[in-house]
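Have a look at the structure below, then the notes.
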Amino acid sequence: MHEFRTHTCGELRKSDVGITARLSGWIHSVRDHGGIIFIDLRDHYGKTQVVIDPTKDFYQELERWRVETVVCFTGKVVARTPETVNPKIATGEIELVADEMTVLGETEQLPFLVAKDEDAPEALRLKYRFLDLRRDELHNHIVMRAKLIEALRRKMWDLGFTEYQTPILTSSSPEGARDYLVPSRVHPGKFYALPQAPQQFKQLLMVAGFDRYFQIAPCFRDEDARADRSPGEFYQLDIEMSYATQDDIFAILEDLLTDIFPKFTSKQISPAPFPRIPFRESMERFGTDKPDLRNPLEMIDVTDIFKDSGFQAFSKTVAAGGVVKAIKVSGIAKADNPQPRRFYDEMIAFAQECGAKGMAYIIWSAGETKSPIVKFLTGNELPSLAEKAGIQDGDVLFFLADKRALVNSVGGKVIGELGRRLGLIDPNVFKFCWIVDFPMFETDEETGALIFCHNPFSMPQGGMKAVETQNPLDIVAYQYDIVCNGIELSSGAIRNHQPELMYKLFEMCGYSREVVDDKFGGMIRAFKLGAPPHGGIAPGVDRMAMLLADAPNIREVIAFPFNQQAEDLMMNAPAAVDMKQLRELRVIPVPQELKYEETFKKLLAEAERIRAAEAAAAAMNASAAPEQN
RNA sequence: GGGGGCGUAGCUCAACUGGUUAGAGUGCCACCCUGUCACGGUGGAUGUUGCGGGUUCGAAUCCCGUCGCUCUCGCCA
């Protein structure tokens with residue numbers, strides 16, 4: 001008989017009754033009746049009830065029947081009587097009557113219980129992550145994630161893609177997020193960078209003729225955390241394809257997502273093709289570039305209606321170049337169940353917290369309009385609004401008036417808040433959309449200079465001709481995001497593979513040819529030696545897993561995540577290292593309490609002093625012993 | 001770097017406007033119990049109220065500082 005087990009804890013069935021089996025696992029729970037003891041033995045596969053007669057010799061061996069002890073039981077598989085069958089577990093029709101027991105791993109008192117889902121503080125859960133991972137919910141999340149990755153790989157191969165690996169130690173690139181740097185021992189003072197994404201490598205693979213690339217790629221960005229953004233490292237399903245148009249890439253992703261998502265969720269998936277919303281339209285309608293399409297609310301531009309209105313708060317805003325936008329909420333003012341006055345007050349307070357000066361509203365109810373502003377609307381405003389918004393009885397319009405950017409930003413937040421408060425967001429669907437036509441450039445708010453809006457390697461729509469003839473701020477790129485339920489799953493682009501066009505775009509942002517050659521030399525050289533048109537996308541694996549697991553934050557789908565401060569509380573990373581290691585790398589840590597600039601100058605001065613002393617000593621030696629030569 | 005929230009027993013939480021010995025559930029320890037499956041019962045131990053300072057006759061409670069966790073803005077091509 002195998003030393004540890006003949007079956008797993010989820011395996012035995014009625015058909016196994018009569019055999020002798022050996023099971024190993026954790027003590028999940030103990031029910032000690034004095035004359036008989038029941039133990040639920042748990043492993044990765046399930047739970048099995050073990051029955052113990054306390055008169056057996058082995059009973060004395062285990063001092064405490066403490067949960068989470070790892071034990072091995074050998075005994076006979078016995079059918080349970082009908083009234084003692086437990087339908088809640090797969091092995092509930094049988095139980096193991098123990099003849100022998102071996103303790104394989106004892107436990108001290110647990111920092112939190114595995115068998116109960118009580119909320120332990122996250123710091124504790126992260127420190128004892130291996131315990132937390134034993135718990136059903138997290139355990140299942142990690143298994144689901146593994147299966148998701150397997151399914152993604154399989155689908156990508158089915159679609160004709162091949163997985164290629166790319167370096168983890170590479171060079172720092174000037175654009176984008178903060179890099180994680182690794183000091184070079186061989187080249188003191190120089191650094192590798194961990195890749196923020198295999199962006200340049202995958203493009204070079206296209207130039208190298210591999211045609212269809214994918215990789216479950218680790219990406220490293222030294223940026224602060226969010227609920228849907230783990231600091232440090234994360235994974236992307238990185239995709240790149242040659243001779244591809246934007247439509248080709250969309251078709252691949254729509255195929256992938258509508259195939260994969262239903263395998264892991266019972267929620268309804270929006271059918272392909274997914275809606276395509278130009279970036280500017282999304283900002284105007286939803287106030288964000290990642291709209292949650294489950295929320296039916298959106299902004300309507302009603303600036304025209306208020307241009308000459310007697311309500312001066314609005315008409316003056318319009319005169320000053322601002323806009324007035326309305327958000328229609330249907331049916332919340334019906335006579336049988338109207339929202340109370342307090343609801344409107346709270347929404348106005350919310351809008352003000354978001355930066356609005358105020359928020360007006362009009363209620364259409366029982367043939368009348370109720371509103372603090374309606375007495376100022378002496379012109380044709382009310383019927384115009386009703387017509388433009390398609391108002392029916394019980395509907396409400398909320399109004400925001402200010403500069404366009406502010407109205408959009410506040411409006412987006414108000415839409416989200418209204419959706420949440422009124423329960424308008426269906427939790428049982430996944431709604432995808434594409435955000436397309438991102439601007440190539442924007443202006444730096446501080447300097448007013450032209451900067452890249454997204455990815456400097458994206459192809460501007462219209463190519464060189466557009467770049468030469470259009471206002472730079474009007475140029476849009478073949479640059480797109482895919483958004484699911486308000487979460488950005490991925491960015492992608494058709495790449496700019498034309499060196500001259502790339503030089504031109506960088507020049508517009510103030511980078512000379514030399515700088516481009518220096519920073520992106522590998523890629524520019526490649527593009528000068530026969531580059532196919534290509535493009536790609538890179539959906540976030542962690543975010544997909546998070547959506548599918550319905551997890552409140554991304555740490556719930558990562559086995560060993562960092563906390564918000566980018567620390568691994570279990571492994572104690574980051575950590576100080578030996579002086580020997582630092583010496584090899586020529587790295588001197590400067591304690592945080594010391595002022596960096598001053599310390600740096602002192603160190604430089606000290607280095608200079610040592611160098612001068614050594615040079616002086618060498619000169620002395622040379623003059624003292626000239627006869628040696 | 002900025003803003004919000006939280007911090008009381010191993011864990012989850014309570015403790016009124018500042019007022020007696022800081023409580024409950026769970027876990028832990030001991031004992032009882034032959035059909036439970038979150039078993040049940042009896043008893044017991046467990047606290048620098050995150051830390052430091054202040055106000056007060058008196059502080060878990062109020063004030064200041066600090067640390068930790070979390071959400072968020074900046075940031076994330």
Side-chain angles (χ1 to χ4, degrees), chain A residues 28-42 47-55 63-68 78 80-89 91-92 95 97 107-128 131-132 173-179 196-197 199-200 219-232 234 290 353-355 409 413 438-442 445-446 451-458 477 479 481 488 491-493 495 505-506 509 519-520 538 540 552-553 555 562-565 567 569:
Chain A
H28 184 75
S29 65
V30 181
R31 295 176 292 282
D32 184 347
H33 293 243
I36 185 169
I37 300 162
F38 300 101
I39 281 183
D40 284 342
L41 197 68
R42 182 195 77 237
K47 291 198 275 270
T48 303
Q49 174 162 286
V50 179
V51 185
I52 292 159
D53 175 356
T55 62
E63 216 171 292
R64 289 183 294 263
W65 294 92
R66 192 178 264 172
V67 291
E68 297 309 309
V78 173
R80 297 202 200 184
T81 57
E83 67 275 15
T84 62
V85 163
N86 182 358
K88 284 193 243 170
I89 57 176
T91 61
E95 57 197 12
V97 180
T107 181
E108 300 175 356
Q109 177 164 9
L110 302 161
F112 52 85
L113 297 177
V114 171
K116 303 197 173 177
D117 358 299
E118 57 181 10
D119 285 330
E122 186 140 24
L124 204 65
R125 293 178 51 206
L126 289 171
K127 182 173 178 185
Y128 296 95
L131 268 189
D132 203 13
S173 117
E175 295 287 326
R178 211 172 287 120
D179 283 316
Q196 295 178 24
Q199 182 64 37
Q200 293 193 53
C219 304
F220 306 88
R221 293 179 196 175
D222 187 2
E223 294 295 347
D224 289 339
R226 287 291 180 275
D228 62 355
R229 201 168 83 205
S230 188
F234 62 97
K290 37 187 179 193
E353 274 170 38
C354 296
S409 143
K413 287 170 187 154
F438 278 85
M440 190 78 216
F441 301 106
E442 60 190 336
E445 272 182 35
E446 284 171 23
I451 53 174
F452 288 112
C453 187
H454 262 69
N455 184 330
F457 307 125
S458 300
Q479 164 83 42
D481 282 359
E488 182 193 317
S491 275
R495 321 297 174 187
L505 294 170
F506 272 97
C509 291
K519 296 295 181 189
F520 309 106
N553 69 63
R555 294 182 295 280
F562 275 173
N563 67 2
Q564 190 174 33
Q565 281 71 240
E567 297 165 303
L569 297 176

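Lettering of chains follows the sequences in order, A, B, ..., and the numbering in each one begins at 1.
- The CG-P distance, from A:L131 to B:G27, rounds to 16 Å in whole Å.
- The aromatic rings of A:F38 and A:H33 sit perpendicular, their planes meeting at an angle over 60°, well past the 30° parallel limit.
- Interatomic distance, A:R555 CZ to A:Q564 CD, rounded to the nearest 0.5 Å: 7.5 Å.
- As judged by a 4.0 angstrom heavy-atom cut-off over every strand, A:I451 is placed among residues making no nucleic acid contact.
- Using Watson-Crick or G-U wobble geometry with both donor-acceptor distances under 3.5 Å, B:C31 finds its partner in B:G41.
- Taking the C1' atom of each, B:A24 and B:G47 are spaced 15 Å apart, rounded to whole Å.
- Taking the six-membered ring where tryptophan is involved, the planes of A:F452 and A:F506 are perpendicular, since the angle between them exceeds 60° and thus also 30°.
- For A:K88, the side-chain atoms get nearest to B:A38 when compared with the rest of B:A38, B:C71, B:C37.
- Between A:R66 and B:C29 there is a side-chain N or O to OP1 or OP2 distance below 4.0 Å.
- Nearest nucleotide to the side chain of A:H33, out of B:U34, B:C37, B:C69: B:U34.
- Side-chain contact between A:V67 and A:V114 is absent, with no heavy atoms from C-beta onward closer than 4.5 Å.
- Pair assignment for B:U46: none, as no Watson-Crick or G-U wobble contacts are both less than 3.5 Å.
- For the pair A:E108 CD and B:C11 P, the computed distance is 15 Å after rounding to whole Å.
- Using a 4.0 Å cut-off between charged nitrogen and carboxylate oxygen, A:R31 and A:D40 count as a salt-bridge pair.
- A stacked arrangement is not assigned to A:F112 and the six-membered base ring of B:C11, the conditions of a centre distance below 5.5 Å and an interplanar angle below 30° not being jointly met.
- The separation between A:N553 atom CG and B:C69 atom P is 15 Å, rounded to whole Å.
- Counting non-hydrogen atoms under 4.0 angstrom, A:L124 reaches the backbone sugars and phosphates but no base.
- Closest to the side chain of A:E223, out of B:C75, B:A38, B:U70, is B:C75.
- In this structure, the salt bridge (charged side-chain N to carboxylate O under 4.0 Å, His left out) partners of A:R125, at least two apart in sequence or on a different chain, are A:D132, A:E556.
- Among the atoms of the strands shown, only primed sugar atoms or phosphate atoms (P, OP1, OP2) are found under 4.0 Å from some heavy atom of A:N563.
- Atom P of nucleotide B:U36 and atom CD1 of A:I89 are separated by 14 Å, given to the nearest angstrom.
- The side chain of A:L113 has B:G27 as its nearest neighbour among B:G27, B:U36, B:C71.
- Of the inter-residue distances, the one linking A:Q196 atom CD with A:D222 atom CG reads 9.5 Å to the nearest 0.5 angstrom.
- Comparing the P positions of B:G53 and B:A59 gives an interatomic distance of 13 Å, to the nearest angstrom.
- Here the side chains of A:K88 and A:K47 are not in contact, with every heavy-atom distance at 4.5 Å or above.
- Distance check on atom C1': B:C11 versus B:G19 gives 30 Å, rounded to whole Å.
- Taking both residues in full, the closest heavy atoms of A:G492 and A:Q479 are given as O-NE2, 3.3 Å, listed atom of the first, atom of the second, then distance.
- Comparing A:R229 and A:G35 along RNA chain B, the residue whose closest nucleotide (by nearest heavy atom) sits nearer the 5' end is A:G35.
- Look at the P atom in both B:U72 and B:A15: the space between them is 28 Å, to the nearest Å.
- B:G50 and B:U70 have their C1' atoms separated by 15 Å, with the value rounded to a whole Å.
- Of the candidates B:C37, B:G35, B:C69, B:C37 carries the atom nearest the A:D40 side chain, counting heavy atoms from C-beta on.
- Remark: C1' of B:A38 and CG of A:D32 are 16 Å apart, rounded to the nearest angstrom.
- Atom name C1', nucleotides B:U61 and B:U56: the rounded distance is 13 Å, in whole Å.
- Between B:C39 and A:R31, a contact under 4.0 Å exists linking OP1 or OP2 to a side-chain N or O.
- Taking the side chain as every heavy atom from C-beta outward, A:R42 and A:E68 approach each other to under 4.5 Å.
- In this structure, A:E95 reaches the bases: a heavy-atom distance under 4.0 Å links it to at least one base atom across the strands shown.
- With B:G74, B:C11, B:C39 as the choices, the nucleotide that has an atom nearest any side-chain atom of A:D224 turns out to be B:G74.
- Atom CD1 in A:I52 sits roughly 14 Å away from atom P in B:C39 (whole-Å rounding).
- As rounded to the nearest Å, B:A30 and B:G18 have P atoms that lie 44 Å from one another.
- Across all strands shown, B:C67 is found opposite B:G7 as a Watson-Crick or G-U wobble partner, with both distances under 3.5 Å.
- Between A:L126 atom CG and B:G68 atom C1' the separation is 13 Å, expressed in whole Å.
- With B:C76, B:C69, B:G74 as the choices, the nucleotide that has an atom nearest any side-chain atom of A:R226 turns out to be B:G74.
- Considering only residues two or more places apart in sequence or on other chains, A:D228 meets the salt bridge (charged side-chain N to carboxylate O under 4.0 Å, His left out) condition with A:R543.
- Closest contact between the side chain of A:Q564 and the listed nucleotides B:G35, B:C76, B:U72 involves B:U72.
- Across all strands shown, A:R555 has heavy atoms under 4.0 Å from sugar-phosphate atoms exclusively, and none from any base.
- In the set B:C37, B:C75, B:C28, B:C37 carries the atom at the smallest distance from any side-chain atom of A:R80.
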Kindly give the atom pairs (protein nitrogen or oxygen, nucleotide nitrogen or oxygen) under 3.5 Å for nucleotides 44-47 of chain B.
none

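- A distance of about 13 Å separates the C1' atoms of B:A9 and B:A14, rounded to the whole Å.
- B:G10 atom P lies 13 Å from atom NZ of A:K127, rounded to whole Å.
- Ranked by how close their nearest RNA chain B nucleotide is to the 5' end, A:P456 and A:T84 are led by A:T84.
- Picking from B:C69, B:U72, B:U36 the nucleotide with the shortest atom distance to the side chain of A:Q565 gives B:C69.
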